[in-house]
Protein chains: 4
Amino acid sequence: MSSEVSRRSIGARPNPDAADAILDAAASLLQRKGLRGLTTDAIAREARASKTTLYRWWPNRGALLLALYVRRKGSSVHEDTGSLIQDVARTYERVFRTWQNEGQLFSLIIAEAQHDDGVAEALVAFRKERVDDWLPVLRRAEERSELVDGADLEALAESIVAHAWFYLITRRLGSDPAILAARVIGPWLRKNR
Amino acid sequence: MSSEVSRRSIGARPNPDAADAILDAAASLLQRKGLRGLTTDAIAREARASKTTLYRWWPNRGALLLALYVRRKGSSVHEDTGSLIQDVARTYERVFRTWQNEGQLFSLIIAEAQHDDGVAEALVAFRKERVDDWLPVLRRAEERSELVDGADLEALAESIVAHAWFYLITRRLGSDPAILAARVIGPWLRKNR
Amino acid sequence: MSSEVSRRSIGARPNPDAADAILDAAASLLQRKGLRGLTTDAIAREARASKTTLYRWWPNRGALLLALYVRRKGSSVHEDTGSLIQDVARTYERVFRTWQNEGQLFSLIIAEAQHDDGVAEALVAFRKERVDDWLPVLRRAEERSELVDGADLEALAESIVAHAWFYLITRRLGSDPAILAARVIGPWLRKNR
Amino acid sequence: MSSEVSRRSIGARPNPDAADAILDAAASLLQRKGLRGLTTDAIAREARASKTTLYRWWPNRGALLLALYVRRKGSSVHEDTGSLIQDVARTYERVFRTWQNEGQLFSLIIAEAQHDDGVAEALVAFRKERVDDWLPVLRRAEERSELVDGADLEALAESIVAHAWFYLITRRLGSDPAILAARVIGPWLRKNR
DNA sequence: TGCTAATCGAGACGGTACGTCGTGTCTTTTT
DNA sequence: AAAAAGACACGACGTACCGTCTCGATTAGCA
């Protein structure tokens, strides 16, 4: 927690500590109680904040969840092992491990996007980021001649991401990341290597 | 509606008419009022059923929504145009058109699955069905030598489904089905054809 | 239980065993679960009877409760110790002890009487019986010159019963029966004795 | 109604207007629809209050009914005619007249008290209040030497109340209040007056 | 002996109420 | 002016109970 005992007004301007405390509280609740515990009341209480403050920072629950997810996911740097299939496998492994804990949150955002256009737009943008993150890695693989000729790198990137999300949604985060990587990347790899 | 005026017990066993009437009512409400009108109270009232009956058939609202979705989507017979890429494109076209109206319902089910294990299981089973639906089509394509040697048909089937869901979630149902099909299937197709 | 394993039709006429079993079951449930467990569903299940049978014997829940109470209360013979105040005290003691277990049932009947005229009538008749039961005892006390001159025996009888019911309703069954008897009877007793 | 159009939060503390509005609504419903119309949903709707608010003020329906009864019965000031028997008679007359309309409500509370400890406690307290109300009146009668020597005033007060409740329960509100008063008070009165 | 009539257990059904929960808005009091 | 506090309206959810109904099996009495 960024502030322990109490947090008061800091005068006639918003107090960023409040927003932090709210996100911290939400994260803690998610860890301890799961999705069902992630209510606006509980978050505010946990943060020793008021719902007024919560709604001053985010227009609705979905926006808060998204902010929470973005803050928690951290950077999406992909490794460079020299082998695309290994890069993908390691990413799947890392992402699945993360999602074991908070994949629910991501699913919930998907749901929230149905009622809230703001969340929906943010989700669309988020997808694009994830896909774009892959492009440099894929270009290097292409330079190493790992890929079939004329491979559509964006399509491949999207496929990688789509499969990750698909496995999250269908609750198969326990799958072997290496096998999944092979299945997804396989057809894009040059045969005679 | 399967029965108009009244519907009574048919003895010491569930009356399928009741379940039908409830699904009919839910479908009608979805059409007329949208997702927000799909409350258990409203559905029961519309069906002239009691909530007891509704909850006898489905353990919670999510399960009912899934049943509704499954029933509405109809059979998933894939066409056989003699060209896999066209088969996939046509399916995407059909599915996206359906989802334009009730994709929300499906997204909602995904969300509901996060805090309801029953719905989650049903969703997992649903995925398997969708994937299995594709296998015969893919086998025929293989016999026609459309696919690269040693193609993992199940992986391909899963990829087809994963992309569809991914596009739904990221709100890109307006995308060109043919282009998407080409991107998904492309790398699995034999080159020298 | 009057019948152990199963109880079938005995032809084209009601089977009294069924009614017995239902009352037995109700009594057992009341003992074990209290008033809240005394639902028509639970009684039927406990009796291995069907609700159809239950409602064949009694038109509604109130009637069943009343039958149960009447059967359980047994005879209301009052003792004759030679002292009215002792007679009353012993009766209060016995009745309060009984009500410790099933006074709730009696209160429930009072409630049921509000919606059901049949139960109401039965309750009125029941009061009259209780009052009349006291008259012989009071007459003997009068002959022993225990009472003030010109005592209205019916009024006294009613007062005795009214106080018992009042203590039941206001949950004071733990009161000392002798003290209560003295308070109720006191003013009716001749002083110089 | 204490507030007509809208009623909002008045800060971080309960708004008594809400409770008032709820009781008003309940009273109105009782008048118009009778006991069966007195559902928590209907009361909340009529009061333009939320069920949350209703249950914030009273733990359950029974408690609300009791509050309603207490408020409606008004003050229990007993008249002082200079004659105890007349005071009692007039009170019986007034109470019986009131109960003609809402005795059901009181009976229902008695019933509710059987499976709700909160209501039970309230009912017990209510009895004590009613009994205590009588004590000043009885003391004045004693000072006027109306009562026999050494009369237990509390016992007498309780007897007065017990008989009233008894007559309510056994549906004899049509009885002559003067006769009843004479029967109840008679033995407590000094003879040679 | 085969037929008829009514009961029985079983449990689903319509209807209706209850009490809980979650969201987003509001107002007061304190800083 | 912003913060904590928490009450508020709205409205959904899932549970419980009552009294009615239909089924298939059962049994006694009549033909």
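Here is the naming used below: chain letters follow the sequence lines, and residue numbers restart at 1 for every chain. Keep in mind it's a predicted model, so treat the numbers as computed, not measured.
Between the R13(B) side chain and the I10(B) main chain, a donor and an acceptor come within less than 3.5 Å of each other. Judged purely by atom type and a 3.5 angstrom limit, R7(B) uses its side chain to pair as donor or acceptor with the backbone of R48(B).
Once you apply a 4.0 Å limit to the heavy atoms of chain C, the touched nucleotides of DNA chain F run 5' to 3' over dC17(F) to dA28(F). Taking every nucleotide of DNA chain E with any atom under 4.0 Å from a non-hydrogen atom of chain C, the first and last of them, 5' to 3', are dA5(E) to dG11(E).
Among the protein residues, N15(D) comes within range of the sugar-phosphate backbone only, with heavy atoms under 4.0 Å from sugar or phosphate atoms but none that close to a base. Residue contacts for W58(C): at a heavy-atom cut-off of 4.0 Å it reaches no nucleic acid atom on any strand shown. As judged by a 4.0 angstrom heavy-atom cut-off over every strand, R56(B) is placed among the base-contacting residues. Backbone-only engagement by A49(A) is indicated by non-hydrogen atom pairs under 4.0 Å involving sugar-phosphate atoms exclusively. Here R45(D) lies out of heavy-atom contact (under 4.0 Å) with every strand.
Between F106(C) and Y69(C), the ring planes lie tilted relative to each other; the angle falls in the 30° to 60° range.
Of the two residues contacting DNA chain F, namely G11(C) and P59(B), the nearest-nucleotide position lying further toward the 5' end is that of P59(B). Toward the 5' end of DNA chain E, the nearer of the two residues T39(A) and D41(B), judged by each one's closest nucleotide, is D41(B). In this structure, L54(B) and T52(C) both approach DNA chain E, and ranking their closest nucleotides by distance from the 5' end singles out T52(C). Where T53(D) and R61(C) each meet DNA chain F at their nearest nucleotide, the meeting point lying more 5' is that of T53(D).
We find the CG-CD1 distance between L123(C) and I169(D) to be 8.0 Å, quoted to the nearest 0.5 Å. A distance of 9.0 Å separates NZ of K33(B) from OG1 of T39(B), quoted to the nearest 0.5 Å.
A salt bridge is defined here as a Lys NZ or Arg NE, NH1 or NH2 lying under 4.0 Å from an Asp or Glu carboxylate O, and R32(C) with E46(C) meets this definition. A salt bridge does not link R8(C) to D17(C): none of the charged nitrogens lies less than 4.0 Å from a carboxylate oxygen.
Contact between A63(B) and P59(B) at its shortest, heavy atoms only, is CB-CD, 3.6 Å.
Contacts of N60(D) classified as side chain to side chain donor-acceptor pair (under 3.5 Å), with partners at least two apart in sequence or in another chain: D116(D).
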